[in-house]
Each structure stands twice: as C-alpha cells, then as structure tokens.
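For reference, the structure is listed below as structure tokens.
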Amino acid sequence: MDATKYDRLLNLWLRLKTSLWFIPVLMTLGAGVIAVLALRIDSDLLPDGERVWWLYSGNPGSASDLLATLLSSIITMATLAISITMVVLTLAASQLGPRLIRSFIGNQRTQASLGFFIMTIVYLLLVYRRIDDQLSAENVPHVAITLGSVLSLVCVFLLLFYVHHLASSIVSDTVINRVGGEMDDLIERLLPEAGTVAPGDARPETDVPEETGGKALGLPKGGYVQTIGYAALVKLAQDHDVTLTLRFRAGSHLLASGRHVLVLPQERASDELAGKIADAIVLGPESTPTQDLEFSLRQMVEVGLRALSPGINDPYTAVAVIDRLATSIALVMGRDMEPAFHRDEQGVARLVTRPVTFTGLVDRAYNELRQAASTSPAVLIHMLDSLTELACHCRTAQQRDALARHAGMIASAGHRSAEEESDAMAISIRYDTVARSLAALDVS
C-alpha cells in the first residue's frame, strides 16, 4: 500500500475511532450474532439432558414477562447513561473548550459502555420476539434467556462504572494527560528519528521566501487540509519533470481557487496537473490529527487559556498544561523535524513543503499562554522553570535560541506586570537560571 492510500485510510480510521457511534454499531451487530447462536442452543444438549441450577427453566408466559421487564429496565439505564453523557459533554465544553468534545466521545471506554447498553437492548429484543403464546415449554430458549439475564446484570454494574468513568474523565488533569498522550503518539508517528533528515532537506527556522518564476495553481475546493500525499506528489512531479512548492501544510485552511501550489517551470503547468495535485490532497470541514502536528497542542493551549480567563481563574490547571506541554516539547527536541524538501529516487528535489519548525511549535505552545498569564506571576515563574528543565534537552542552536527568546519574553512580561518587588525578583532569578543553563550548552 502506498503512503497516500495509507494516509487516507488512517484519516478515515481516526474519524471512525473518534465517533461515538462506531463501537456501539459493531457491538450491536455482535448482539445479533450472539442472539442467533444462543437461540439455536437447546438446553437438552447439556450433559444427561439435565438443567443446571443457574439455567432459566420457566414457561413461555414467565419468560415473556421476564424479558419484557429486563428490556424496559435496560432501556431506562441506557437513557440515563446517555443523559449523563450529555451533561458531562456540556460541562466539558464550557470549562475546557468545545474542541475537546472530540477527545471525550473518542474515548473507547465511553463508546464501549454505551455500546454494551445498546447491545443488550438489541439482544433482548431479538430473544423477546422469539417468545409467543403458542410456544411449548420444551421449546423455550432457556440458554438465550439466561444469557439475557446475565447481560442485564452486567449492565447494572456497568452503569456504576460508567458514572465513575465520566466523573473522573472531566477532571482537568485527566483531560490534559489524555490530550498530551495523543500528541506524543502523533510526534512519534510524524517526526523522524534524530539524525535521519539531511541538513539540506530541513526547513530553516525563518520562513522560506516566495519562489519566483513559477505558476501558481489552486485547488478546486476549500477547507482544512487533512492529509497530503507527499509520495504521490513527488511521483507526479517526477512524471511531469517539475518542482512543486506547497504554500500550506496539514491543518491549514484554504480557500477555493487560490494560489496554493507553485509549479516550476511554469510552462509545464496545466489543468491536468492541477487535477492530479488536488487528488493527492484531502480537504475537509475540520482539521484532523492525521498529519497536523499542532492539533493536540492547540487543544492543550486552549485548556490553559480558559483556565487563565477571568471567569475561571484557575492557575493550577494552567500549570498542569505547561508541565504537559514541556513533556511533549522535550520529545520533539529529541527528534528531527519533518523535511521541507522531498526527493525522488535520483535525489532531485521534486516537492517543497512548509512543515512546522521547532520555533513555530514553541511559539504556538507559549505565546498565547504568556499573553494570558501576563498578570499572573506564579504562572510566569512556572513557565521559566519549565524552560530551565527543557534546556538540558537542547540538541541544536535553533532549539537553544527558541527557548532563550521565549524566556526573555516571559521575563519581560513578568517585570511589566509584577506589582510586588518579591515577584519581580523571583522572575529575575528564574530568568537568570534559564539564561545560564542555555549559555552553558555546547550545541551547533
């Protein structure tokens, strides 16, 4: 399977994985299979034709009453579970941000719990329709009814577990760690190991200047860039003997018929080439984490910004966000950034992209938090402490310079807003510590 198809399938899988209905639908289909198999089992097939004590042995009338009672109870419990879920989602959206709803509904425990309730309802319905007044006592599906009773009993305990799970999942530290874990997985999947990207293929920390002499082509529709088929674009550029320069990256929002791709030399640009380029790029109504390195980072920053807002004023949550961001940034510092130049088999640069740089990633992580925490010396001090811990992970001069620049901005913001002399002194001490740690590094 080529990389483009893999990225498309991965994007589809992530969308299914984070949908609330996917696992419940699979479990519902499983309920149908289990019901068919259970109804085919006859209790007389047990050893010596004797029924054990735990197997249901009632007549058709009592079996019908039991299934009706169980079905009504499980529907009530499922309704209660869904209602609790909606309340939790509402609280999470208001306190942590609406974009984090994706993280809640994508939780597999939540999906599996709701799916089990729906699965039990479907199973009981299928078994219940098998019971009628003309059914003889010998043909009562004892095994199927017993299994329905067991599933119903599990639902009772599952409801208690589900309430506990939802109560713990809305705790800010739990949300931050879950989103941070998703970002770490994304970093390990997208960023190559240290030393594997050639220095000439890495994007400089400053913006790449606009190319001249080429022709700009636009994509026929707009939206958020979800995946880019790098391998397909390199092969396409090789076949047409051109160089393609993308003026966007995964996560960017594009307008239809803009100036999105630059083709060099311009005389080889054509409508056919533009159509093939569009086929290699997936656009959608929202950004996804398939190739967007900043996706989870933006979610964590949003939690911190809401915590620092005057309406909430929760500096401890902001501190937890800063700590988790430092963990992910340290992981980034141990790897190479994505290459900007993609080459064909002959080593010719066929595709020039605009991947995220380390400087841009750190800017995204700290700029808005610094601005929101400008009147909170405790948070600013913790940010400087976090940069001190990150200093020992620096491998390159670009990483050192990025941390030093942010340390200076954080210290300046603290000195402008600190009303107490002791706060200003604490900020100065922390900044001096960061500066000394970075200055002592032997990096190139």
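Nothing here was measured: the structure is a model prediction, and the numbers come from that model.
Applying the 6.0 Å contact sphere to CZ of Phe161 captures more than 12 heavy atoms from other residues, nucleotides or ligands. Surrounding OH of Tyr224 are at most 12 heavy atoms belonging to other residues, nucleotides or ligands under 6.0 Å away. Counted within 6.0 Å of OH on Tyr128, heavy atoms from surrounding residues, nucleotides or ligands total 12 or fewer; the atom is thus considered open.
In this structure, CG in Asn107 is found 8.5 Å from OG in Ser113, a value given to the nearest 0.5 Å. Going from atom OH of Tyr366 over to atom CG of Leu387 covers 5.0 Å, rounded to the nearest 0.5 Å. Rounded to the nearest 0.5 angstrom, Ile23 CD1 and Gln108 CD are separated by 5.0 Å. To the nearest 0.5 Å, atom CZ of residue Arg354 and atom CD1 of residue Ile228 are 11.5 Å apart. Atom CZ of Arg306 is separated from atom CG of Asn313 by 15.0 Å, given to the nearest 0.5 angstrom. Separation of atoms OG1 (Thr79) and CD1 (Ile121) is listed at 7.0 Å; rounding is to 0.5 Å.
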Derivation and outcome, side chain to side chain donor-acceptor pair (under 3.5 Å), residues Arg324 and Ser328
CA-CA 7 Å; Arg324 194 59 186 79; Ser328 296; 3.2 Å; yes
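Side-chain atoms of Val225 and Arg249, non-hydrogen and from C-beta on, never get closer than 4.5 Å to each other. Side-chain contact between Arg298 and Arg364 is present, with heavy atoms from C-beta onward closer than 4.5 Å.
One N or O on the side chain of Arg268 and one on the backbone of Asp241 form a donor-acceptor pair closer than 3.5 Å.
Residue pairs meeting the salt bridge (Lys or Arg N to Asp or Glu O under 4.0 Å) criterion with at least one member in residues 403-430, sequence neighbours excluded: Asp363-Arg405, Asp385-Arg430.
Between Arg350 and Asp239 there is no salt bridge, since none of the side-chain N atoms of the basic residue sits less than 4.0 Å from a carboxylate O of the acidic one. Between Glu272 and Lys276 there is a salt bridge, since a side-chain N of the basic residue sits under 4.0 Å from a carboxylate O of the acidic one.
Here the rule is side-chain contact (heavy atoms from CB on, under 4.5 Å) with Pro339, and of Leu351, Val197, Val352, Thr353 only Val197 fits it. In summary, of the residues considered (Thr196, Leu293, Leu331, Asp336), a side-chain contact (heavy atoms from CB on, under 4.5 Å) with Leu191 occurs for Leu293 alone.
For Arg343, the side chain to side chain donor-acceptor pair (under 3.5 Å) criterion is met by Asp201, not counting sequence neighbours. Qualifying side chain to side chain donor-acceptor pair (under 3.5 Å) partners for Gln226, counting only residues two or more places apart in sequence or in other chains: Asn11. His342 meets the ring pair (Phe, Tyr, Trp, His ring centres under 6.0 Å) test with Tyr230; sequence neighbours excluded. Applying the ring pair (Phe, Tyr, Trp, His ring centres under 6.0 Å) rule to Phe117 yields no partners; only residues at least two apart in sequence or on another chain are considered. Remark: Tyr162 pairs with Thr85 by the side chain to side chain donor-acceptor pair (under 3.5 Å) rule, at least two apart or across chains.
Looking only at atom types and distance, the side chain of Ser428 has a donor-acceptor partner in the side chain of His415 under 3.5 Å away.
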